Amino acid sequence: MRTKELGKTGLTISEIGFGGIPIIRVDTENSIKILQHAYDQGITFYDTANLYRDSEDKIGRAFEGKRQNIVIATKTIKRDATSALEQLENSLRMLRTDYIDLYQMHQVAQERDYDAALAPGGVYEALLKAKEQGKIRHIGVTSHSLPMAVKLVKTDLFSTIQFPFNFIEDAAKDELHVEAKKRNIAVLAMKPFAGGVIDNAAVAFAFLRQFPDVIPLAGFDSIESVDEIISIYRQENTVTSRDLEIMEEYRAKLGKRFCRRCEYCQPCPNGVLITPAMGYKIFVSRMSPAVAADFAKVAMESVPSCTECEECISRCPYELPIPKILKENYELYKTHCGK
Ligand code: SF4
Ligand code: SF4
């Protein structure tokens, strides 16, 4: 595994990072095996968040005794200093460490997040103090909003910017990457598989590896998924004309109106299982309608409980018309199960 400099931090990391969301679906024992396998294959950069349930705890357990060999990034969604420091202490405890290499302000998307985070008494002030105390080494930020990500980079307050980047959502490559590069701010690419809708790893990484300044964060939920990506990274990168055609086919099929499975919209006050129900058309494209209907039954049967309160829309970073898409998917589901 080749290594890269993490922007201006002075840290050296593997050229691909381990994204800490998918291990929340795996039990602790197997998560530790996956994490340690990734480490054995040369992955030294691990990104997680306070919000990712037990992901920090699993990373902490996996690397007890090896802390100095890895670079850990985590995040707080809190905007005020007191709550952010509580989350930092929690992260230190869960990760079984006394320092975090990169601590990120999580999902700063709206102006109100920006104002609260940077105001006196806000999270940024707290992180500066934590840095002085040696509890964190560098401060980064994540966003799903392109204008906001550009604005954050231009403040020059952060060492890294984390933003979705893949061959379907490639808008960041213009202004965001250019501004970050000018300032030697590292770009961490979240969602290399567009939240699971890209199921062709070879093409996904053929695209991403064209951008040597970008560090993709790939989520792994099995040893096989680690090995698949590692084997791609062992080869020189080439983007063939067939790869370009495949990328175009995905773009044409998905458009912009698709769920990235980030789960920010949940929970629904009426118990609708939003994320799996939003993904119904993707299931259908990968299996027969009858199998998809059976597979997604529990999620789809929760859709009629939707009262269209729109609470979820305000939490979706992509502003998807969730109740409308759920309804469309439910109509399709009904035809598949003969209702
Ligand atoms: S709009 Fe529907 S799915 Fe969204 S939070 Fe309200 S009830 Fe739940
Ligand atoms: S609907 Fe929006 S917030 Fe919910 S999982 Fe999909 S992309 Fe994320």
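From a predicted model like this one, the values you see are computed outputs, not experimental measurements. Note that ligands are numbered from 1 as they come in the structure, with each ligand's atoms numbered from 1 the same way.
When hydrogens are left out, the protein atom nearest atom 4 (Fe) of ligand 1 is Cys312 SG, 2.3 Å; that is the closest non-hydrogen contact. In this structure, atom 5 (S) of ligand 2 lies nearest to the protein heavy atom Glu263 N, 3.2 Å. Protein heavy atom at the shortest distance from atom 8 (Fe) of ligand 2 is Cys262 SG, 2.3 Å. Atom 6 (Fe) of ligand 1 has its closest protein heavy atom at Cys309 SG, 2.3 Å.
At least one cation-pi condition fails for Arg96 and Phe63: the charged atom is not both under 6.0 angstrom from the six-membered ring centre and inside a 45 degree cone around its axis. Cation-pi contact between Lys327 and Tyr330: absent, since separation from the ring centre below 6.0 Å together with deviation from the ring axis within 45° is not met. Taking the ring axis of Phe258 as reference, the NZ or CZ atom of Arg260 stays within 45° of it and closer than 6.0 Å to the ring centre.
Between His37 and Phe220, a ring centre-to-centre spacing not shorter than 6.0 Å is recorded. Phe165 and Phe207 have their aromatic ring centers within a separation under 6.0 angstrom. Proximity of the aromatic rings of Tyr280 and Phe295 is defined here by a centroid distance below 6.0 angstrom, and this criterion is not met. In this structure, Tyr114 has its ring center no closer than 6.0 Å to that of Tyr124.
Of the candidates Ala277, Cys268, Cys316, Cys265, Cys316 brings a heavy atom nearest to atom 2 (Fe) of ligand 2.
Below 4.0 Å from some heavy atom of Pro323 lie the following atoms of ligand 1, by number and element: 1 (S). Close approach of ligand 1 to Asn270 (heavy-atom distance below 4.0 Å) involves ligand atoms 7 (S). Close approach to Pro269 involves these atoms of ligand 1, each under 4.0 Å from a residue heavy atom: 5 (S). Taking every heavy atom of Arg260 and a limit of under 4.0 angstrom, the matching atoms of ligand 2 come to 6 (Fe), 7 (S). The atoms of ligand 2 that sit less than 4.0 Å from any heavy atom of Pro317 are 3 (S). Counting atoms of ligand 1 from 1 in the listed order, those under 4.0 Å from a heavy atom of Glu310 are 1 (S), 6 (Fe). Listed by atom number, the atoms of ligand 1 under 4.0 Å from Cys306 heavy atoms are 1 (S), 2 (Fe), 3 (S), 7 (S).
Counting heavy-atom neighbours within 6.0 Å of Glu319 CD, excluding the residue itself, gives a total of 12 or less.
Contacts between Ile322 and ligand 2 below 4.0 angstrom, taking non-hydrogen atoms only, involve the side chain exclusively.
Contact between Thr275 and ligand 2 is present, with at least one heavy atom of the residue lying under 4.0 Å from the ligand.
Once rounded to the nearest 0.5 Å, the distance linking OH of Tyr103 with CG of Leu88 reads 5.0 Å.
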